[in-house]
Participant: 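Can you read through this structure? Questions will come right after.
Residue numbers begin at 1 in each chain, while the letters A, B, ... track the order of the sequences.
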Number of protein chains: 2
Amino acid sequence: MAKSAKKYLDAADREQQILDFAIDFVAQRGLHFTTRELADALGVSQPLLYRYFKNRDDLLQKIYDEVYLRRWDPGWNELLADRSMPVRERLARYLIAYTDTILDERWIRIFVASALEDPQITIRYLGLLHDTTFPLIFAEVAAEAGFEFRSTPETEVLVREIVWGFHSSFFYMGVRKFIYRNEIPESLEPIIRVRVDIFVSGVIETLPRILELSRSGPQLE
Amino acid sequence: MAKSAKKYLDAADREQQILDFAIDFVAQRGLHFTTRELADALGVSQPLLYRYFKNRDDLLQKIYDEVYLRRWDPGWNELLADRSMPVRERLARYLIAYTDTILDERWIRIFVASALEDPQITIRYLGLLHDTTFPLIFAEVAAEAGFEFRSTPETEVLVREIVWGFHSSFFYMGVRKFIYRNEIPESLEPIIRVRVDIFVSGVIETLPRILELSRSGPQLE
DNA sequence: CTGATAATTTATCACTTGATAATTTTTGCG
DNA sequence: CGCAAAAATTATCAAGTGATAAATTATCAG
């Protein structure tokens, strides 16, 4: 007899079932669901939730853990740094993998909804991008132009903003799709490749100006 | 006696006071405030709200109207099309004005929160960008390279994605500042100008590839 | 088949919440 | 001032909500 056909599931299975269901449910209905709505939608009684989760907030925390954990692939930074490949190819492959991970209704909607509620939740995730991946992307593009770029306090802010502007636009495709409910193209690869081309060409051509502006010091912030 | 010193305000003044206060309140606390929380914070009794707003939802609708209305300046499209100025200068000026308008806590947080709740609310606003401003931006950049670009069904999707990617990154600065609570530079103009340079240079250099890819047909969507 | 155990539901509580009605307070005109 | 109209508050309701305890139902080893 398949587990799903049993009326009374084993505790571990039921807990996982509730959590999986709750992730989809919360992604669609938002963080302000009631425990009764959730239980009704899943087809169980409302007090059953309290057998598996201490309280409503405990369930929410477990949802965040499940959605954010194990979503960032440490191999991505290695890919970006692998100079046996042209930098455009590395960026394209990274962005294809990245968009493939985050263009997920649960990921996008729960990320944004939870950030609105409490930005603390997003900090761990964003720090990873901000401190490691962004400087790496800029340095690798600069290297394509024959310039071995080393981040300094003077260049840091401008470089960060340049890469943020480029990188965030891919996350924003998820916002358009799953929050605004706009249509976005089915196949992203050609678009990613064109936008990588635009970015790499543009940064290389603008590099002298970027370096000059950075030298003029931290007029920023 | 100043109006604000009166205990019993004129109906019109009180209505505006509640609405103004509610906009800040909702921007900070989210859409799921209770009428009691709002009334307490403002220092009036909860039933008073019902003298000025039919119900909770009526108040929310008036908040949306107040936040979104009169925020888009029709002069921006004229600015973008004004060829007496270099295209980089036009883009920079437009983006300085645009970011100046939208980088506002109330605007960003209420926009995102309401979109999460019901994407319908954002459609009127986004359609303006999508259908008019985005094609215009691309055409003007192409003209800088001596190419009088006319949008066709084949080019439409790719061009839209290219400009979305560029344009959304400025909105996203607001997301970073007011939702993630990241620091962003105080002075945006230098960053806007550099990013405009990168975009314009990149698009011009990539133009042959963009046109070729567009001709290969709508493999998109 | 049987009974102990685990899983689930029903019943219920105390508190919150949107909304309305009755009552009280303020304002400003004559 | 004195008083009617407007503005605001207090009191209250019915429905909803998170959480707990008691009762019930399914499961499975022996």
Participant: Check every atom of C/dA6, C/dG18, D/dG18 against the side chain of B/Arg56 and return the nucleotide holding the closest atom.
Facilitator: C/dG18
Participant: Go through D/dC28, C/dG18, D/dG18 for me and flag the one nearest to the B/Thr34 side chain.
Facilitator: C/dG18
Participant: Between A/Glu105 and A/Arg181, is the closest basic N to carboxylate O distance under 4.0 Å?
Facilitator: yes
Participant: Just compare C/dT17, D/dA7, C/dT27 and give me whichever is closest to any side-chain atom of B/Arg36.
Facilitator: C/dT17
Participant: Look at the side chain of A/Leu48 and decide which nucleotide, out of C/dT27, C/dA21, C/dT9, has an atom nearest to it.
Facilitator: C/dT9
Participant: Output the rounded distance in Å from CG (B/Leu49) to P (D/dT10).
Facilitator: 14 Å
Participant: Can you identify which nucleotide, out of C/dG18, D/dT20, D/dT27, has its nearest atom closest to the A/Tyr8 side chain?
Facilitator: D/dT27
Participant: Which nucleotide wins on minimum distance to the side chain of A/Arg51, given the candidates C/dG28, C/dA6, D/dA8?
Facilitator: C/dA6
Participant: Consider the side chain of B/Ala11, meaning its heavy atoms from C-beta on, and name the nucleotide among C/dT27, D/dT9, D/dA7 that approaches it most closely.
Facilitator: D/dA7
Participant: Does A/Arg193 pair with A/Glu89 as a salt bridge, N-O distance under 4.0 Å?
Facilitator: yes
Participant: Expressed as a whole number of angstroms, how long is the span from B/Gln46:CD to D/dA11:P?
Facilitator: 14 Å
Participant: Quickly work out the A/Tyr50 OH to D/dA22 P distance and round it to whole Å.
Facilitator: 18 Å
Participant: Starting the side chain at C-beta, find the nucleotide from C/dT10, C/dT8, C/dT12 nearest to A/Pro47.
Facilitator: C/dT10
Participant: Between C/dT9, C/dT26, D/dT10, spot the one nearest the side chain of B/Lys7, thanks.
Facilitator: C/dT26
Participant: Any chance the rings of A/Trp107 and A/Tyr68 have centres within less than 6.0 Å?
Facilitator: yes
Participant: In terms of the angle between their ring planes, are B/Trp164 and A/Tyr172 parallel, tilted or perpendicular, with boundaries placed at 30° and 60°?
Facilitator: tilted
Participant: Salt bridge or not between A/Arg14 and A/Asp10? Use side-chain N to carboxylate O under 4.0 Å.
Facilitator: no
Participant: Just how far, in rounded Å, is P of C/dT5 from CG of A/Asp10?
Facilitator: 17 Å
Participant: Which whole-number value in Å describes the distance from B/Leu9 CG to D/dA5 P?
Facilitator: 22 Å
